[in-house]
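Each ligand, and each atom within it, is numbered from 1 in the order the structure gives. If you read the sequence from its start, that first residue is 1, and numbering goes on from there. The analysis underlying the following values was restricted to heavy atoms, covering all of them including side chains, and did not include hydrogens, waters or symmetry mates.
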Amino acid sequence: MSVFSQIARAPEDPILGVTVAYNQDSDPSKLNLGVGAYRTEEGKPLVLNVVRKAEQKLVNDPSRVKEYLPIVGLADFNKCSAKLILGADSPAIQENRVATVQCLSGTGSLRVGGEFLAKHYYEKTVYIPSPTWGNHPKIFTLAGLSVKTYRYYDPATRGLDFQGLLEDLGNAPTGAIVLLHACAHNPTGVDPTVDQWEQIRKLMRSKGLLPFFDSAYQGFASGSLDADAQSVRMFVADGGECFAAQSYAKNMGLYAERVGALSIVCKTADVASKVESQLKLVIRPMYSNPPLHGASIVATILKDSNLYNEWTVELKEMADRIISMRKQLLEALQSRGTPGDWTHIIKQIGMFTFTGLNAEQVAFMRGEYHIYMTSDGRISMAGLSSKTVPHLANAMHAAVTRTA
Ligand code: PLA
C-alpha cells in the first residue's frame, strides 16, 4: 500500500495535453494545431539559420565556460532584451529606470513578476482578459495574487468588447494590476487598435492601475518587432510604471531553451535598483539562477547588427507564412461554401485563429479527421501548411454542416 495511493489522477494540460493525445494517434493524416509551435511548409519544426550561426559561434569560442550566471542572468542579454521591447532610444533605459532579469521564458517571467508583486505591492488583485492564455490564472494564483477577469472578447462580433473592457477596468479598485497581451492576443487573435490602446492607457493611468504586459509574440503578429511592441512603449512613454514579460520561444524559435526576461520600468533609478535587489530574493530560492545557453544565443544575435538583421528577415518570413495560411484557409472554406462568415480568420492576428467552433465540433474533427486543437476552437495557424489546408477545411466544413 503506497502512502500516495489516495492521489487522484490529474487531467492533462488543456494545451500541452493536446500534443500528448496527438502523439498517441497512429493515423498518417493526423495534424497537430494545438500548441503554438511554428512549422515549415513541410510540417517540420524550424531552427532559425541565425540561431544555428549564433550557436556555432558560441561553440567555436574556447573562452566560454559553464560557471553559474548571476541570479539575474546574463547582463548582455538583459540589456538587449530591455532595448528590444522598450525601443533602442527609450528614455527609461537611458535613465537606468528599468530592472531586467533573465527568466525561464515567458512563463517564468510572469511567475517571477507575480511573486514580486504578491510580496511587495499593496494591491493583490490582478485582472486578466476573458478569455486569456489558460496558464495565466494558474500562474498568478500560485504566485499569491487574487485573479479577476475583465471583458475582452465579444463572440457575437468575433472582435474586441471594447466597451466591456473599459467598464470593467473602470470599476477595478485603484492600483489593481492589469495583465495585457502586448500583441497577438492568445487565444482570440484580437488586438486593440492604436487608438483603443491610447484610451486604455489613459483610463488605466487615471485610475492608477498597474500594467503588466505579456509579450510572447513580438514580431510574430505583424512581422515588425517595433510595431508589435507599440502598446508597451505607449505605456512606458508616459513615465509611469510598467511590467513586461518577454519570451523568445516563438520569435526566435527557442521554445525548449526556456529563455525570456522580466523588465520592471520604475520611476527612478534608485527604485529600479532596489526592485532588482528584491527580484534576486524571489529568484534565488525558486531556481537559484537561470540557464546560460539560450540567453547566450539571444545576446549573440541581438548584439551583432548583421545577425540581428538576418533575424528580422527570418522572423518576417514566419509571420508572412502564417498570414498566408489565414488567406488559404479562408479561401478553402469559401470555395466549399461552408456556412457562416469566416472573414475573422484573416482579421485576427498572430499565431492563432479563434475559429468559433464549439467543443463538440472540435471533438468531431479529432475523432473523424485526426485534427488536434484546443477545445475552445483555437487553431495554431503556424502548424498549418498549403498541403494540410484542404484537410482542415474539409474537416471544418463537415463539422459545421453536420451540426448546422
Ligand atoms: N504568454 C502567452 C500569451 C503565451 O501564449 C505563451 C505560450 C506564454 C506566455 C509562455 O510561453 P513560454 O513560457 O514558452 O515562453 N503559449 C503557447 C504554449 C504557445 C503554451 O501553452 O505553453 C500556447 O500554445 O498557447
Would you mind writing out the side-chain donor-acceptor pairs for residues 32-41 within the sub-3.5 Å range, not counting sequence neighbours?
| unit_1 | atom_1 | unit_2 | atom_2 | d |
| --- | --- | --- | --- | --- |
| N32 | OD1 | G34 | N | 3.0 |
| N32 | ND2 | T19 | OG1 | 3.3 |
| Y38 | OH | R321 | NE | 2.9 |
| T40 | OG1 | E42 | N | 3.2 |
| T40 | OG1 | G43 | N | 3.4 |
| T40 | OG1 | K44 | N | 3.1 |
| T40 | OG1 | K44 | O | 3.4 |
| E41 | OE1 | S386 | N | 3.3 |
| E41 | OE1 | S386 | OG | 2.9 |
| E41 | OE2 | R321 | NH1 | 3.0 |
| E41 | OE2 | S386 | N | 3.1 |
| E41 | OE2 | S386 | OG | 3.4 |

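- Counting only residues at least two apart or in different chains, ring pair (Phe, Tyr, Trp, His ring centres under 6.0 Å) contacts with residues 78-103 are absent.
- Considering all non-hydrogen atoms of both residues, A245 and G106 come closest at CB-O, 4.4 Å.
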Worksheet entry | Verdict with supporting geometry, S206 and K202, side chain to side chain donor-acceptor pair (under 3.5 Å) | CA-CA 6 Å; S206 75; K202 278 199 187 123; over 6 Å; no
Give every pair formed by an N or O atom of ligand 1 and a protein N or O atom closer than 3.5 Å, one pair per line with both atom names and the distance to 0.1 Å, or write none.
| unit_1 | atom_1 | unit_2 | atom_2 | d |
| --- | --- | --- | --- | --- |
| ligand 1 | 1 (N) | D214 | OD1 | 3.3 |
| ligand 1 | 1 (N) | D214 | OD2 | 2.6 |
| ligand 1 | 5 (O) | N186 | ND2 | 2.6 |
| ligand 1 | 5 (O) | Y217 | OH | 2.6 |
| ligand 1 | 11 (O) | K250 | NZ | 3.4 |
| ligand 1 | 13 (O) | G106 | N | 3.4 |
| ligand 1 | 13 (O) | T107 | N | 2.9 |
| ligand 1 | 13 (O) | T107 | OG1 | 2.6 |
| ligand 1 | 13 (O) | R258 | NH2 | 2.8 |
| ligand 1 | 14 (O) | R258 | NH1 | 2.8 |
| ligand 1 | 15 (O) | S105 | OG | 2.5 |
| ligand 1 | 15 (O) | G106 | N | 2.8 |
| ligand 1 | 15 (O) | S247 | OG | 2.6 |
| ligand 1 | 16 (N) | W133 | NE1 | 3.3 |
| ligand 1 | 21 (O) | W133 | NE1 | 2.9 |
| ligand 1 | 24 (O) | G36 | N | 2.8 |
| ligand 1 | 24 (O) | R378 | NH2 | 2.9 |
| ligand 1 | 25 (O) | W133 | NE1 | 3.3 |
| ligand 1 | 25 (O) | N186 | ND2 | 3.0 |
| ligand 1 | 25 (O) | R378 | NH1 | 2.8 |
| ligand 1 | 25 (O) | R378 | NH2 | 3.4 |

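- Applying the ring pair (Phe, Tyr, Trp, His ring centres under 6.0 Å) rule to pairs touching residues 270-308 yields Y308-W311, sequence neighbours excluded.
- Taking NZ from K148 and OG from S130, the interatomic distance works out to 14.5 Å, rounded to the nearest 0.5 Å.
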